[in-house]
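Below: one structure, written as structure tokens.
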2 protein chains.
Amino acid sequence: MSDLEHVIQPFDARLVMIGSGCIGKGVLPLLLRHLVLEPQRLLILSPDDDGRLLAQEFGVAHQAEQLDQNNYETVLDPLLSAGDFLLNLSVGVSSLSLIQFAQRKGVLYLDTCIEPWEGGYTAPDKSLSERSNYALREAALQLRRESAQGLSTAVLTHGANPGLVSHLIKQALVNLAEELGDTTPQPTTREEWAQLANRLNIRCIHIAERDSQFSSKHKIADEFVNTWSVDGFISEGSQPAELGWGSHEKALPEDGYYHAFGCQAGIYLQRPGASTRVRTWTPSTGPTHGLLVTHNEALSIADYLTLGQGRQPTYRPTVHYAYRPCDDALLSVHELAERNWKPQSGQRLLDDEILDGSDELGVLLMGHARNSYWYGSRLSIQQARALCPYNSATSLQVTAGVLAGVIWAIRNPQRGIVEPDELPFREILQICMPYLGKVEGIYSDWTPLTGRHSLMPEQTDESDPWQFVNVRIT
Amino acid sequence: MSDLEHVIQPFDARLVMIGSGCIGKGVLPLLLRHLVLEPQRLLILSPDDDGRLLAQEFGVAHQAEQLDQNNYETVLDPLLSAGDFLLNLSVGVSSLSLIQFAQRKGVLYLDTCIEPWEGGYTAPDKSLSERSNYALREAALQLRRESAQGLSTAVLTHGANPGLVSHLIKQALVNLAEELGDTTPQPTTREEWAQLANRLNIRCIHIAERDSQFSSKHKIADEFVNTWSVDGFISEGSQPAELGWGSHEKALPEDGYYHAFGCQAGIYLQRPGASTRVRTWTPSTGPTHGLLVTHNEALSIADYLTLGQGRQPTYRPTVHYAYRPCDDALLSVHELAERNWKPQSGQRLLDDEILDGSDELGVLLMGHARNSYWYGSRLSIQQARALCPYNSATSLQVTAGVLAGVIWAIRNPQRGIVEPDELPFREILQICMPYLGKVEGIYSDWTPLTGRHSLMPEQTDESDPWQFVNVRIT
């Protein structure tokens, strides 16, 4: 922990945190440790008793309030002035509304997900395309295009993933360049990063995560169990699967669709991400079957690493999340599908009751001369607890990302709306690193064709292992 | 238990039991309770220490022997004479070889599955069709056609499923006929049963099972956990999915194939059953997602209830297994698929360590005027333990079926090869019933279209809920 003592960020304004879920709870001790911020300048805004109890525990302020489309300005206006920080860790409070509000007032902003207002993910009057993460991101980019220069900084989607993983990818590309003898100077612009990825022949990038944490208490019927926000996982898992669509892909999936607007870096599948399985690779067990849950990073990273533009770019990798949640969450997803996606009436967040396990969260870069390279954080529950109270392995990877984003925004208060990919990766990683357990890069000769056809013929494209048709499990 | 005291079956010969897995272990106390059989006339033939210890515990004989294609006659010959019983509860010992041997010697025979010799399910020189359960069943039927009359009785596949469920279907049809006012005299022939099913408009029959048993010990990596034989589940789960193919089905599945030989009652899918998910319904939780694992009953029941013949019969229901294994087994299957079906190196059988849960094993008859009717056994682990030691809820449903089949064979020693569907259902159910917990019939308005399209459009056939395309999860 000796490195940590050096990251102490002065901050002489107020911080309002919306939400008191597991990320809010986990980030509090980090904020109070790394920001020069007296507890009374920190306010938790949350409707439930969890928030009140949490605030008491940390000696911070609390206001019981459920923000909605009608009340958010009235509620927030007296709480925030120029230079203050609005930290949105809620589910169902619109990121775009808050950003516009914050920028009008000169308030800094950060979230971990571009959230719509409650119900926005499933609004029946909107098409799947309109309620996708792609559409939410395009709306944020549109807002940026229409904004004046020099507005207060609003950091989009800066938790673990999305967030931290964008920086892990850059470090992984730098490591790979060195390994493969690419001597071009390290990229300094978006286009140079895309050129590097292209030179290295990166075809697919998975955000490859495996959560092996478990408790002693067996999941019961009609209960969703998870190591992070149950509402959050259900809402993103119920959205259509979305992925950044690479220039090497030969054909759209049968259930795959482009959007009629925006940058065209991503497509969506007409099925819930939590029921869309993909082959990936994670360090502890190797070949892994994960869920292709939609996430903003799949789109922002694919867009960031694009050369050319539109549906036929010169270069773009396929990018998506491949998430093996903890066992109880996998069983919960099975049950959720049995219920035709009607959420269970019971919820259980695994935190103090976790007995053992770890969260391996990394980026898997595939297609290059060394085949496949996983780079990321391998964090056990024991390590997480020792590093920071109120955190599991899963939450600490997120809260470290939030902390780093908050510090960067305070240091750079007038950058307007920014995506993780646009932040300086070394600075962010330096802040996060002490909280990530073992951070390592591992080469592997695994491809999605490895070990296939073992029992019977399967539908594969043997001419190119990195086609999505090989990755997807049908 | 008072009913039980009446079922005492004299048996003055020897019984050789091959295998000492969970079914062998569970059936021993039942055999010794219901047969007039001194323990020393019972011999366990099994290669491992489990068998020796089990034999010691029950005071029965034991011989350590792994039967294979080369030694089985030499080993068995001195152990069995006319009138004795050969009970095959093994995995990987050929049913057909044993039946031929038994019938040559005038020995009675029963198994719970038509087993090939070890490796037969995955023999690379055989086509999927040739190593299917369909092919195994056709070979048994062929053997019967070629046999003389009056050979010793050989009961095929008489555990829970296959086995017991064939009798549950008849009882369910009788119950439905009464409910729906069908006044035709109760069927006495195969064709009359098929006519009844047709009159009642039974379109689909699922063997709908949900196992909710669990222990306090979390499944670890590289471990397959199950409430019954791990080897058995892996071997059948790795086989292609197979189902009886109904006359109402409009189109073969894309990956579905007829066989080039035999009765044509069933088809197979070119994918492992354990990775083939289907929508079904079970009492405790209602809508359930199960695995379409190949099972002999899917074929024998569909064949038994056929009017006409071949690929375009006048009437045949679609019949298949829809198995929601216990949570740990579901996770084990997920891991097995990650390993491209290479079995885990660790195995754990849940028996004494089970904390709670039940096995609901029934038949779900769909398409009739009351829509859907589940009829079967709801047996908790507590009930199972109280009813018979050495059993879980899962094993007791199987061992009760084995017991009933053994008793029937002893009572009817010269019937040659018979399938469960050909046995008298009332007599069998009478023997099993005391061990099945709550046996009940439940009507439901569920169809595989219930609650669909809730999040987004799905590919369904709205004109007929009972098409397999609606049942299958893709």
Side-chain angles (χ1 to χ4, degrees), chain A residues 121-122 124 127-128 131 210 212-222 238-240 254-255 268-272 274-275 277 279-282 284-290 324 327-328 330-331 334-335 337-342 355-357 450-459 473-474, chain B residues 121-122 124 127-128 131 210 212-222 238-240 254-255 268-272 274-275 277 279-282 284-290 324 327-328 330-331 334-335 337-342 355-357 450-459 473-474:
Chain A
Y121 285 135
T122 51
S127 70
L128 291 185
R131 46 185 151 115
R210 183 185 185 90
S212 61
Q213 294 166 98
F214 64 92
S215 84
S216 65
K217 203 173 142 200
H218 198 86
K219 169 181 153 20
I220 61 172
D222 194 12
S238 302
Q239 283 185 275
E254 238 178 75
D255 53 358
Y268 69 96
L269 309 181
Q270 190 177 290
R271 54 181 299 137
S275 78
R277 296 181 176 215
R279 294 176 178 83
T280 191
W281 189 97
T282 51
S284 66
T285 56
T288 300
H289 287 184
R324 171 56 164 90
D327 284 353
D328 280 328
L330 196 66
L331 293 168
H334 184 95
E335 186 182 47
E338 288 180 329
R339 300 166 59 87
N340 282 303
W341 311 97
K342 183 174 161 283
L355 283 184
D356 203 357
T450 305
R452 301 288 292 279
H453 312 278
S454 60
L455 288 180
M456 54 196 85
E458 302 179 50
Q459 296 241 316
I473 298 166
T474 51
Chain B
Y121 285 134
T122 50
S127 70
L128 291 185
R131 46 185 151 116
R210 183 186 185 88
S212 61
Q213 294 166 98
F214 64 91
S215 84
S216 65
K217 203 172 142 201
H218 198 86
K219 168 181 153 24
I220 60 171
D222 194 13
S238 302
Q239 282 185 276
E254 238 178 75
D255 52 358
Y268 69 96
L269 309 181
Q270 190 178 290
R271 53 180 301 135
S275 79
R277 296 182 176 214
R279 295 175 178 84
T280 192
W281 189 97
T282 51
S284 66
T285 56
T288 300
H289 286 183
R324 171 56 165 90
D327 284 353
D328 280 329
L330 196 65
L331 293 169
H334 184 95
E335 185 182 47
E338 289 179 329
R339 300 166 59 87
N340 282 304
W341 311 97
K342 184 174 160 285
L355 283 184
D356 202 357
T450 305
R452 302 287 293 278
H453 311 279
S454 60
L455 288 180
M456 55 196 85
E458 302 180 50
Q459 296 241 317
I473 298 166
T474 51

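Numbered from 1 within each chain, the chains take letters A, B, ... in sequence-line order.
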pair [X]-[Y]: side-chain heavy atoms closer than 4.5 Å:
X: A:Leu355; Y: B:His218; result: no
X: B:Ser454; Y: A:Lys342; result: no
X: A:Arg279; Y: B:Glu338; result: no
X: A:Glu458; Y: B:Arg271; result: no

Identify the two heavy atoms, one from [X] and one from [Y], that lie closest to each other, and give their separation to 0.1 Å.
X: B:Thr285; Y: A:Ala221; value: CG2-CB, 4.5 Å
X: B:Leu331; Y: A:Arg324; value: CD2-NH2, 4.5 Å
X: A:Leu128; Y: B:Pro457; value: CD1-CD, 4.4 Å
X: A:Arg131; Y: B:Leu455; value: NH1-O, 3.6 Å

Say you draw a straight line from [atom1] of [X] to [atom2] of [Y]; how long is it, rounded to the nearest 0.5 Å?
X: B:Lys217; Y: A:Phe214; atom1: NZ; atom2: CZ; result: 10.5 Å
X: A:Met456; Y: B:Tyr268; atom1: CE; atom2: OH; result: 10.0 Å
X: B:Leu330; Y: A:Asp327; atom1: CG; atom2: CG; result: 10.0 Å

### Message
Is A:Ser212 in contact with chain B via its backbone, its side chain, both, or neither, using a 4.5 Å heavy-atom distance?
### Response
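When you check distances to chain B, no heavy atom of A:Ser212 falls under 4.5 Å.
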
### Proximity breakdown for A:Arg277 and chain B, heavy-atom pairs closer than 4.5 Å
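Contact with chain B is through the side chain of A:Arg277 alone.
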
### Task
Please flag which part of B:Ser275 lies under 4.5 Å from any non-hydrogen atom of chain A: side chain, backbone, both or neither.
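Nothing of B:Ser275, per the 4.5 Å heavy-atom cut-off to chain A.
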
### Query
Is chain A contacted by the side chain of B:Thr288, its backbone, both, or neither, given a heavy-atom distance below 4.5 Å?
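Both parts, heavy atoms under 4.5 Å.
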
### Task
Could you tell me which residues satisfy side-chain contact (heavy atoms from CB on, under 4.5 Å) with A:Tyr121, sequence neighbours excluded, listed by chain and number?
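With sequence neighbours excluded, A:Tyr121 shows a side-chain contact (heavy atoms from CB on, under 4.5 Å) to A:Cys113, A:Glu115, A:Pro116, A:Asn133, A:Leu136, A:Ser235, A:Gln239, given in chain and number order.
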
### Task
Between chain A and each of B:Asp222, B:Asp255, B:Asp328, B:Thr474, count heavy-atom pairs under 4.5 Å; write down the option with the most.
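It is B:Thr474.
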
#### Entry: Greatest number of heavy atom pairs closer than 4.5 Å to chain A - which of B:Ser216, B:Pro240, B:Gly286, B:Ser215
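Of B:Ser216, B:Pro240, B:Gly286, B:Ser215, B:Pro240 has the most heavy-atom pairs under 4.5 Å with chain A.
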
#### Entry: Pair B:His289, A:Arg339: side-chain N/O donor-acceptor within cut-off below 3.5 Å
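Side chains of B:His289 and A:Arg339: no pair found under 3.5 Å.
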
